[in-house]
Amino acid sequence: MERWPNQTRAYDGTLDAIQRGVKRLCVTSPTGSGKTRMMTDMIEWANSEGKPVVLYTHRRMLYDQTAAVLDKAGINHGKRAAGHDTALLRNVQLAMTQSELSQVYKAESRDLHHAALVIVDELHQHQGPTVKKIIQDHVDAGANVVGYTATPLDITDVDELLVAGSISECRSIGALVP
């Protein structure tokens, strides 16, 4: 399936930012404009480069939806969330932030995933101290962090904002309806 222009802009812009050494990038595009595709594109790129990836979500519904998208895309991934069988050695991990807090920081029953690329879905919802600690630990270990949101308000601790698409552009390509 061909990428929409905003998805291409996100992909190219994210790769450019990573190559320039940007450690924390926020990608914004309207709701319904294909941010999940943008995330899977980056996972596939990281896989092709042999880079481990972790994708964080914060709600069970989003976690389940994202797992289904990764399955459909053929991305072999481990699950780091309560109620799921883990496969911690897989290069791609889908993680719930709450489970990481519990298992990595409180119970100390596992290590933080050794990701080179950290993807954060709904970045605007991940602004509390818990997630900031998780993200900082990844950055300190050398990872690039890319957060995606349609709502880039009150987001802190990012180096750059990449505007991948606008509402009018997404309407013109049929991604959004007026």
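As a basis for the values below, the full set of heavy atoms in this structure was taken, side chains included, without hydrogen atoms, waters or symmetry mates.
Proximity of a side-chain donor or acceptor of H114 to a complementary backbone N or O of N91 within less than 3.5 Å is not detected. With hydrogens and angles disregarded, a donor-acceptor distance shorter than 3.5 Å links the side chain of R90 to the backbone of H77. T28 contributes a side-chain N or O that, together with a main-chain N or O of T149, makes up a donor-acceptor pair within less than 3.5 Å. For the pair D159 (side chain) and V22 (backbone), a donor-acceptor distance under 3.5 Å is absent. H124 places no side-chain N or O within 3.5 Å of a backbone atom of D154 that could act as its donor or acceptor partner. A distance-only check finds no donor-acceptor pair linking the side chain of S102 to the backbone of S99 [under 3.5 Å].
To the nearest 0.5 Å, atom CG of residue L70 and atom CE of residue M39 are 8.5 Å apart. To the nearest 0.5 Å, atoms CE (M38) and OG (S33) are separated by 4.5 Å. Rounded to the nearest 0.5 angstrom, L162 CG and D12 CG are separated by 10.0 Å. To the nearest 0.5 angstrom, N144 atom CG is 10.5 Å from Q19 atom CD. With rounding to the nearest 0.5 Å, the separation of CG in L88 from CG in D111 is 9.5 Å. Separating the CD atom in E122 from the CD atom in Q127 is a distance of 12.0 Å, to the nearest 0.5 Å.
Residue I155 places its CD1 atom among more than 12 non-hydrogen atoms of other residues, nucleotides or ligands, all under 6.0 Å distant.
Residue E100 forms a salt bridge (charged side-chain N to carboxylate O under 4.0 Å, His left out) with just one option from K133, K79, R80, and that option is R80.
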Step-by-step side-chain contact (heavy atoms from CB on, under 4.5 Å) determination, K23 to V145: CA-CA 6 Å; K23 295 308 268 180; V145 177; over 6 Å; no

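Minimum interatomic distance between P5 and E169 (heavy atoms only, all atoms of both residues): CB-OE2, 3.6 Å. For the pair G32 and W4, the tightest heavy-atom approach, listed with the atom from each and the gap, is O-CZ3, 3.9 Å. P30 and S166 get closest at one heavy-atom pair: CG-C, 3.6 Å. When all heavy atoms of R3 and T8 are compared, the closest pair comes out as CB-OG1, 3.4 Å. For the residue pair A164 and A10, the shortest heavy atom distance occurs at CB-CB, 3.8 Å.
Residues L25 and L15 share a single hydrophobic cluster, defined by chaining ILVMFWY side chains whose heavy atoms lie under 4.5 Å apart. L62 and V120 fall into different hydrophobic clusters, where Ile, Leu, Val, Met, Phe, Trp and Tyr side chains are chained together by heavy-atom contacts under 4.5 Å. Under the 4.5 Å side-chain contact rule for hydrophobic residues, V146 and I135 do not share a cluster. Under the 4.5 Å side-chain heavy-atom criterion for ILVMFWY residues, a single connected hydrophobic cluster contains both Y148 and I18. The cluster map of Ile, Leu, Val, Met, Phe, Trp and Tyr, joined by side-chain heavy atoms under 4.5 Å apart, puts V118 and V139 in the same cluster.
Using a 4.5 Å cut-off on side-chain heavy atoms (C-beta onward), L112 and Y105 make contact. For the pair T14/V27, a side-chain contact is recorded, criterion being any heavy-atom separation below 4.5 Å from C-beta on. Taking 4.5 Å as the limit, some side-chain heavy atom of I119 sits within range of a side-chain heavy atom of I43. You'll find the side chain of D137 stays beyond 4.5 Å of the side chain of V104, heavy atoms only. Residues Q125 and V131 form no side-chain contact, since every pair of their non-hydrogen atoms from C-beta on lies 4.5 Å or further apart. Side-chain contact between E160 and R20: present, with at least one pair of heavy atoms (C-beta onward) separated by less than 4.5 Å. With a 4.5 Å cut-off on side-chain heavy atoms, S109 and Q103 count as touching. Side chains of M42 and Y11 form a contact here, defined as non-hydrogen atoms less than 4.5 Å apart.
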Determine all donor-acceptor pairs shorter than 3.5 Å in which one atom belongs to a side chain in residues 45-59; sequence neighbours excluded.
| from | atom 1 | to | atom 2 | distance (Å) |
| --- | --- | --- | --- | --- |
| S48 | OG | W45 | O | 2.6 |
| Y56 | OH | H138 | NE2 | 2.8 |

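Among pairs with a residue in residues 62-74, none fulfils side-chain hydrogen bond (donor to acceptor under 3.5 Å, both in side chains), at least two apart in sequence or across chains.
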